[in-house]
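For reference, positions follow the sequence shown, starting with 1.
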Amino acid sequence: MEKQHCGDDAKALLGEENFEQEIGARARVWKHMFAYIETILLRGAVQLGIPDHIHKNGGPMTLRDLAAKLPVEAINMSQLHQVMRYMVHMKLFMKAIPPAKSNTTLDEEDEEEEEEEEDCYGLTPVSELLVRSHERSLAPLVEVEEPDMRDTFAMWAHLIEGLDRERYPKTFWEAHYGMPFYEVIGRNPEWSRRMSEGMTSITRGTVDAVVHGLVREKVIDDHVMSKLVDVGGNTGDVAKAILRAFPQLKCTVMDLPHVVEYAPKDPDLRFVAGDMLQFVPSAHIVLLKSVLHNHEDDVCIKILNNCKEAILRGGSTKGKVILVEIVLDIDDRPELTNSRFGVDLRMVSMGGKERSKKEWADLFFKGGFSRHEIIPIAALESIVVLYP
Ligand SMILES: C[S@@+](CC[C@H](N)C(=O)[O-])C[C@H]1O[C@@H](n2cnc3c(N)ncnc32)[C@H](O)[C@@H]1O
Ligand SMILES: O=c1cc(-c2ccc(O)cc2)oc2c(O)c(O)ccc12
């Protein structure tokens, strides 16, 4: 007689429909409970350079060949096999067909080990994005946080502890390092470089969509607009891409002194070191990409006021501010919603936030702008055009 399935008791107790619902709910609890494992594995794969090794190999590698390339002295093959197995499940890598087996006789245990070592791993579209040498690589973004994940977890503990405003200072950074994010970064050149590369890696993947949106919606009028300033423009990647599409523009990139100092110089761009909270150079177009999301409302209002003044000083009746920012409730691509909420919490760590349409509208009004339009693009962010 067939044994009763252990779920049958629960099914009888809960009823078929509730039982199915509970299985789904249990699976979600497990999934969320273990989500940190995926963060650790993603970072680990990049730090060990696994995507780079498979890429350099020109195709899938056996576990043994991969192990030989990793910067680990006495590698635990069984653990590496488990790690790779999970990363295949995450679709970071894919199992590929192993090379033809030799016909040496092996006892059962050896055979099992041999089989694990002969498993082959290849790149997927996800790990293709983690190959460092690729132009649109996201590897620098994965490494943008602290090099040691223990610090990352210690920092993130403030997400919940920080709910208690009485006992904790304002941001994770102030709580953990005793100073705000941009001060920590500014005092640490290696970190500043990593941060800059991390942002550049995001931007390289979105800049085409930004330029395409600007051209499609005729946001930049070639005939009357000749001066653009990219505030918080980092290494100037966005300005360069805009310049390629609108070559008549004179583009200035403004950023903090420690960023400008290390930005690769470009004869077509003018780099200016400055503080947007104090002053924004005059222009017909002021661009800010992923800048306002770093800051709380009061600071954003100050920045917006300075941008408005910069446009008014610029003297064009068609002057405008162009933002490239996440709009949380834009319902263009549901597959991006999770990432948008993730970046929102990432911004909490430094006192910033992502905003909904209503939150943006309130902020623009307080910042002195009478009208705005939101242009969805094929990216996490949207283009938002502000008119004084
Ligand atoms: C998140 S990054 C965005 C960089 C770039 N716009 C992009 O999307 O790739 C924010 C930039 O703002 C710059 N920034 C921060 N505070 C600033 C300030 N007070 N004045 C000027 N730039 C500032 C940072 O150095 C950094 O390059
Ligand atoms: O780690 C990040 C990520 C972002 C980010 C992610 C996705 C986007 O579409 C835009 C930006 O922005 C960051 C940022 O502005 C910062 O100052 C530090 C870290 C990050």
Side-chain angles (χ1 to χ4, degrees), residues 39-53 55-56 71 92 123 126-149 151-152 155 172-173 177 180-211 230-244 251 253-266 268-269 271-273 276 287-294 324-326 339 342-343 346-347 349-350 352 379-381:
T39 310
I40 290 169
L41 290 178
L42 178 72
R43 182 92 70 90
V46 171
Q47 282 181 339
L48 291 171
I50 298 177
D52 305 309
H53 292 306
H55 175 70
K56 274 190 211 136
L92 269 190
L123 295 177
V126 184
S127 43
E128 288 280 359
L129 279 177
L130 301 174
V131 174
R132 264 174 239 274
S133 56
H134 285 179
E135 162 85 9
R136 292 153 75 89
S137 176
L138 282 175
L141 174 64
V142 174
E143 292 190 309
V144 85
E145 299 196 41
E146 302 76 0
D148 189 327
M149 280 215 91
D151 288 318
T152 306
M155 280 264 288
F172 301 10
W173 290 79
Y177 291 99
F181 172 74
Y182 277 111
E183 229 176 293
V184 181
I185 298 285
R187 288 172 186 221
N188 184 332
E190 167 55 17
W191 214 333
S192 171
R193 184 192 60 74
R194 275 222 321 276
M195 173 62 216
S196 184
E197 282 181 10
M199 273 322 294
T200 301
S201 77
I202 302 175
T203 296
R204 292 220 169 117
T206 56
V207 77
D208 292 345
V210 173
V211 172
D230 185 358
V231 176
N234 195 19
T235 47
D237 280 67
V238 181
K240 262 182 257 176
I242 291 180
L243 196 55
R244 278 196 291 275
C251 292
V253 176
M254 176 181 150
D255 211 301
L256 293 169
H258 67 266
V259 177
V260 169
E261 193 181 334
Y262 293 107
K265 300 298 166 259
D266 184 308
D268 297 328
L269 299 177
F271 279 88
V272 172
M276 64 191 167
L287 175 77
L288 299 109
K289 181 186 165 296
S290 307
V291 170
L292 296 185
H293 78 158
N294 287 165
V324 180
E325 290 281 359
I326 287 174
S339 312
V343 182
R346 175 87 172 93
M347 291 307 114
S349 73
M350 58 187 78
L380 282 186
E381 302 98 329

Minimum side-chain heavy-atom gap [X]-[Y] below 4.5 Å:
X	Y	value
Val343	Ile326	yes
Leu130	Leu92	yes
Val238	Val324	no
Lys240	Asp268	no
Leu269	Phe271	yes
Ser196	Arg193	no
Ile185	His258	yes
Val259	Asn234	yes

Exercise for the section: Please lay out, stage by stage, how Val131 and His53 fare under the test side chain to side chain contact (heavy atoms under 4.5 Å, CB included). Expected result: CA-CA 9 Å; Val131 174; His53 292 306; over 6 Å; no

Ignoring hydrogens and angles, tell me if any N or O in the side chain of [X] forms a donor-acceptor pair with the backbone of [Y] under 3.5 Å.
X	Y	result
His293	Ser290	yes
Ser349	Phe172	no
Thr203	Met199	yes
Lys265	Ala263	yes

Could you pull out the closest heavy-atom pair between [X] and [Y], with the gap in Å?
X	Y	result
Pro51	Ala45	CD-O, 3.4 Å
Leu380	Ser339	CD2-CB, 3.6 Å
Ser137	Ala139	OG-N, 3.1 Å
Ala209	Ala379	CB-CB, 4.4 Å

Handout entry: Under-4.0 Å salt bridge between Arg136 and Asp208
Key = yes

Handout entry: Salt-bridge present (Arg132, Glu143; N to O < 4.0 Å)
Key = yes

Mind checking the [atom1]-[atom2] spacing from [X] to [Y]? Nearest 0.5 Å is all I need.
X	Y	atom1	atom2	result
Asp237	Ile202	CG	CD1	12.0 Å
Ile242	Lys289	CD1	NZ	10.5 Å
Leu256	Glu261	CG	CD	12.0 Å
Glu183	Tyr177	CD	OH	14.0 Å
Leu138	Glu128	CG	CD	12.5 Å
Asp255	Asp230	CG	CG	8.5 Å

Practice task
Start with the C-alpha distance between Tyr262 and Thr235, add both sets of side-chain angles, then the distance that settles side chain to side chain contact (heavy atoms under 4.5 Å, CB included), and finish with yes or no.
Solution key: CA-CA 8 Å; Tyr262 293 107; Thr235 47; over 6 Å; no

Problem - side-chain hydrogen bond (donor to acceptor under 3.5 Å, both in side chains) involving Glu325 - partner list, sequence neighbours excluded - result: none

Handout entry: ring-ring contact (aromatic ring centres under 6.0 Å, His included) partners for His55, two or more places apart
Key = His134

Exercise for the section: Identify, with sequence neighbours excluded, every residue that meets ring-ring contact (aromatic ring centres under 6.0 Å, His included) alongside Phe181. Expected result: Trp173

Problem - Residues Thr152 and Arg43: side-chain donor-acceptor under 3.5 angstrom - result: yes

